[in-house]
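Have a look at the structure below, then the notes.
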Amino acid sequence: MRRSKLLSGGIYLPGSLPFTISKTDSFYEKLNEWIGDVFYDILPEAGFDLRDEQIFMAFQLEKAFKDKKAIFAEAGVGTGKTIVYLLYAICYARYKKQPAIIACADERLIEQLVKKEGDIAKLEKALNLNIDVRLAKSRDQYLCLNKLDAVVNDDVEEYNSVHESLPKFVHESSTLQKFHRYGERTDYPDLTDEQWSDIGWDPLQDCLACSRRHRCGLTLQREHYRNAADIIVCSHDFYMEHIWTKESRKREGELPFLPEGSCVVFDEGHLLEFASQKALTYRYTERTIETLLTRIMDNDVRDKTLGLMEEAISVNEQFFDELTKFSMESKASEKMTVKKTPSITGLAENLLWIIESLQEELVFESEMFIINDYNLKIVEEYLDQISFSLTLFARRSVGINWLEDHNGEKTLVIMPKMVEEILRKEVFSQDKPFIFSSATLSDNDSFDYLAKSLGIDDYASFTVNSPFEYEEVMEIYLSEFEDGDFQSKAQYTLDQIKLTKGRALILFTDKTDLFTFKKFMEHNQTDFPVLFEGDAEISTLVSRLQNEEQTVLCSTNLWEGLDVPGKALENVILFDLPFPPNDPVFAAKREEAKDPFNEVDMPYMILRLRQGIGRLIRSHADRGVVHLLLDKNLESSVLERILSVLPVKPKKAISQSDLS
């Protein structure tokens, strides 16, 4: 990597390259020189450590951007990989005059990337860059004004407080003069997830027909981020939803969720397959039919149409009753396996016939102009979706089906088995750089497993190890327990967090275990706060862990991406080995494998285990301990595989008898 004479001057505005380039210069040569200056001179002068790992990674990424290809950038904790891909993404966006898309694993990591003390803010200060970075959050992260209105004054103080906090322009009719950000999930940190579901975005709300659409926080933010000059940050889920819906949105005269990007970075890229599957699913909620049809029943529709509506509602109820009857719960998963009985298939076929007949009758109703045209269009669109979903469920054997139950509201989910062909065609056929960044992308030193699952045929890859001396800063304990002995595991966990006076992260694989531990802690008070995922907005809980001395956080979703350096986190407890759940999705993966345990279960567990352990040491100053709580009857081959990926040799093994 060549180095050039340092540039000096003022702040580089969004869209302006931080180095000079003439018409005869090669962009990539000038970029190479500037990157050399940044790592060898500018960042060290600003107090950053010069890291050989970053230099190597930068050289590899340069080739990926130049060749416009996919690259798996596996870089261990502490290598500073985010700084490297940000530098390239910003410069490439300004060169192409299109924003770079950075897709993070979830909404929480979006916030972490753009926080005041985050890497983007550090680069702005060190390089005199004014970086235009904007967030594109998923729809379920926004407040629905209509749903809020429906629960205000219901003697729930939290909802009334949200309503009172709304900006004044929401209630006015005057023209907005400038962008106002409001209504995001993070704006209401004290609401539980259950409370948020009462006022958050709902797919059954008619957003396009809503009279408050242009004062809605979701609409305003969407118009704002589409004009980003440098970077748009979103979640994997949102990026994949954009991919699957962009053509249909164009046909309907709407803009795609995201503008065309110059390049795409998938942070924690090993999780993209799950986001892709989730985006492709068809979700059919029990209340959809009744909500839709009662909306137009009050119109002066013909008796035949009214009769079909009532019949559809009745058969729909029977269908979901039968689904509930023949669905089995899956441990560590909300997905209930559906057993396709003749009675379920028969009801699905009957409901499908009724909906198709109703669709024909609504054509006649539309010609009589009895029903509001827009309301009718919304109903017809949803009936089309339901009809297609039921066809997939009842008449096609290829696919994965399951039932979910959230607070008594049931949803039938239909998902394709594998997504690699669609990803190959819709995503990775694009002529642009795709960067996968994570500490864990390979399995046994190979990237083929991930590449195949994503439909990537041609890729570059590299691995950079962590610079941390783990032997000096980390201790790992393997602790054994009898299968199902939750009480002993909980007591051991309590003892360990008392030893470190809090400062702990407890990771669960199962929400049931999380709730059970929460009940256990209600009878075992501590001198420090113990927080539980779901009790408030997640980034708020993470902030408390980081900023409030001696806090403990219990979670099922923080195995990846959590970055809490310093004394706030000195103890990570993995309550179980993170094997994949025995749910319909992984059941389908196992069916496709010759050796399900070694091809599906073990790679998933080992990757997630490495991620969980990686939460502890985040900087050179960090010290701490990791506890792995194991089944006493764990197979020796599994234990050997675990030992092979641990960053340090376990200091000692603790058996259950040692605890008594």
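The first residue of the sequence shown is numbered 1, and numbering continues consecutively from there.
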Take Glu549 and Lys567 through the salt bridge (charged side-chain N to carboxylate O under 4.0 Å, His left out) test and state the conclusion after the steps. CA-CA 8 Å; Glu549 188 77 11; Lys567 291 185 174 296; over 6 Å; no
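- Looking at Gln54, its side chain does come within 3.5 Å of a backbone N or O of Gly80 through a donor-acceptor pair.
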With side chain to side chain donor-acceptor pair (under 3.5 Å) as the criterion, how do Asp622 and Ser619 come out once you've worked through the C-alpha distance, each side chain's angles and the decisive distance to 0.1 Å? CA-CA 5 Å; Asp622 288 354; Ser619 73; 3.0 Å; yes
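- The two residues Ala100 and Ala93 come nearest to each other via the heavy atoms N-CB, 3.6 Å.
- By the 4.5 Å heavy-atom criterion applied to side chains, Ile642 and Leu634 are counted as neighbours.
- Around CG of Asp445, the count of heavy atoms belonging to other residues, nucleotides or ligands within 6.0 Å does not exceed 12.
- Considering every non-hydrogen atom in both Asp193 and Ala536, the closest pair reads OD1-O, 4.2 Å.
- In this structure, the side chain of Asn547 engages the main chain of Ser543 through a donor-acceptor pair within 3.5 Å.
- Side-chain contact between Phe532 and Leu514: present, with at least one pair of heavy atoms (C-beta onward) separated by less than 4.5 Å.
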Please evaluate residues Asp527 and Lys501 with respect to the criterion salt bridge (charged side-chain N to carboxylate O under 4.0 Å, His left out), reporting the C-alpha separation (whole Å), side-chain torsions for both, the decisive distance (0.1 Å), and the verdict. CA-CA 8 Å; Asp527 296 331; Lys501 297 180 180 179; over 6 Å; no
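- Contact annotation: the side chain of Leu616 approaches that of Met474 to within less than 4.5 Å [non-hydrogen atoms, C-beta and beyond].
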Where do Lys68 and Phe434 land on the side-chain contact (heavy atoms from CB on, under 4.5 Å) test, with the steps shown first? CA-CA 8 Å; Lys68 297 181 182 178; Phe434 289 96; over 6 Å; no
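- Put simply, the side chain of Asn571 gets close to the backbone of Gln496: a donor and an acceptor are under 3.5 Å apart.
- Between the side chain of Glu124 and the backbone N or O of Ile131, at least one donor-acceptor pair lies under 3.5 Å.
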Where do Phe266 and Leu271 land on the side-chain contact (heavy atoms from CB on, under 4.5 Å) test, with the steps shown first? CA-CA 9 Å; Phe266 295 111; Leu271 297 175; over 6 Å; no
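- Ionic pairing of Asp230 and Arg134 is not present here: no N-O contact between side-chain nitrogen and carboxylate oxygen is shorter than 4.0 angstrom.
- Residues Cys234 and Leu258 form a side-chain contact, since some pair of their non-hydrogen atoms from C-beta on lies under 4.5 Å apart.
- Note that CG of Asn465 is 9.5 Å distant from OG1 of Thr79, once rounded to the nearest 0.5 Å.
- By the 6.0 Å contact criterion, CD on Glu548 is enclosed, its count of non-hydrogen atoms from other residues, nucleotides or ligands being greater than 12.
- Residues Arg623 and Glu475 are not paired through a salt bridge, judged by the lack of any N-O separation under 4.0 Å between the basic side chain and the carboxylate.
- The aromatic rings of Tyr88 and Phe65 sit parallel to each other, their planes meeting at less than 30°, with 60° as the upper class boundary.
- Using the six-membered ring where Trp is involved, His627 and Tyr492 have ring planes that are perpendicular, over 60° apart on the 30 and 60° scheme.
- Arg544 places no side-chain N or O within donor-acceptor distance of the main-chain N or O of Thr540, the cut-off being under 3.5 Å.
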What's the verdict on side-chain contact (heavy atoms from CB on, under 4.5 Å) for Val264 and Ile102, showing C-alpha distance, side-chain angles and the deciding distance? CA-CA 6 Å; Val264 183; Ile102 298 180; over 6 Å; no
For Glu537 and Thr186: C-alpha separation, side-chain torsions, deciding distance, then whether side chain to side chain donor-acceptor pair (under 3.5 Å) applies. CA-CA 6 Å; Glu537 192 273 326; Thr186 51; 5.6 Å; no
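- Of the residues Phe575, Phe515, Phe520, the one that meets the ring-ring contact (aromatic ring centres under 6.0 Å, His included) test with Phe486 is Phe575.
- Under the 3.5 Å distance criterion, the side-chain polar atoms of Glu241 are left unmatched by any main-chain donor or acceptor of Asp237.
- Using a 4.0 Å cut-off between charged side-chain N and carboxylate O, Asp535 and Lys518 make a salt bridge.
- Side-chain N/O atoms of Arg503 and Thr500 include no donor and acceptor closer than 3.5 Å.
- Side-chain contact between Phe39 and Ile35 is present, with heavy atoms from C-beta onward closer than 4.5 Å.
- The environment of Glu635 atom CD is sparse: at most 12 non-hydrogen atoms of other residues, nucleotides or ligands sit within 6.0 angstrom.
- Remark: the backbone N or O of Phe238 is paired with a side-chain donor or acceptor of Ser235 at under 3.5 angstrom.
- Note on ring orientation: taking the six-membered ring where Trp is involved, the planes of Phe436 and Phe428 are tilted (angle from 30° to 60°).
- The two residues Leu569 and Leu505 come nearest to each other via the heavy atoms CD1-N, 3.4 Å.
- Comment: Lys489 engages Asp576 in a salt bridge, judged by a side-chain N to carboxylate O separation of less than 4.0 angstrom.
- Between Glu53 and Lys81 no salt bridge is recorded (no basic side-chain N to carboxylate O distance below 4.0 Å).
- For the pair Leu450/Leu272, no side-chain contact is recorded, criterion being any heavy-atom separation below 4.5 Å from C-beta on.
- Taking every heavy atom of both residues into account, Thr509 and Pro578 meet most closely at CG2-CA, 3.5 Å.
- Put simply, CD1 on Ile120 and CD1 on Ile90 are 6.5 Å apart, with the number rounded to the nearest 0.5 Å.
- Between Arg185 and Asp140, no side-chain nitrogen of the basic residue sits less than 4.0 Å from a carboxylate oxygen of the acidic one, so the salt-bridge criterion is not met.
- The nearest pair of heavy atoms linking Ile71 to Ala64 is CG2-CB, 3.6 Å.
- We find that Lys69 and Asp458 are joined by a salt bridge, their nearest charged nitrogen and carboxylate oxygen being less than 4.0 Å apart.
- Of the residues Ile613, Ile476, Val648, the one that meets the side-chain contact (heavy atoms from CB on, under 4.5 Å) test with Tyr470 is Val648.
- Here the closest non-hydrogen pair linking Pro565 and Gln546 is CD-NE2, 4.0 Å.
- In this structure a side-chain-to-backbone donor-acceptor pair under 3.5 Å is missing from Ser488 to Asp485.
- The side-chain heavy atoms of Asp119 and Lys122, taken from C-beta on, include a pair separated by under 4.5 Å.
- At a threshold of 4.0 Å, the pair Arg610-Glu74 counts as salt-bridged, since one of the basic side-chain nitrogens sits closer than that to a carboxylate oxygen.
- Below 30°, between 30° and 60°, or above 60°: for His242 and Tyr239 the angle between ring planes is between 30° and 60°, a tilted geometry.
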Begin from the C-alpha positions of Lys589 and Glu273 and carry the test salt bridge (charged side-chain N to carboxylate O under 4.0 Å, His left out) through to its verdict. CA-CA 12 Å; Lys589 279 180 164 289; Glu273 180 189 5; 2.7 Å; yes
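- Not one N or O on the side chain of Arg641 forms a donor-acceptor pair closer than 3.5 Å with the backbone of Pro603.
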Worked verdict on Tyr604 versus Phe579 for ring pair (Phe, Tyr, Trp, His ring centres under 6.0 Å): CA-CA 7 Å; Tyr604 177 93; Phe579 280 107; 8.8 Å; no
Dump the intermediate steps for side-chain contact (heavy atoms from CB on, under 4.5 Å) on Arg618 and Val77, then the final yes or no. CA-CA 7 Å; Arg618 308 301 300 177; Val77 178; 3.6 Å; yes
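- The side-chain heavy atoms of Ile573 and Leu629, taken from C-beta on, include a pair separated by under 4.5 Å.
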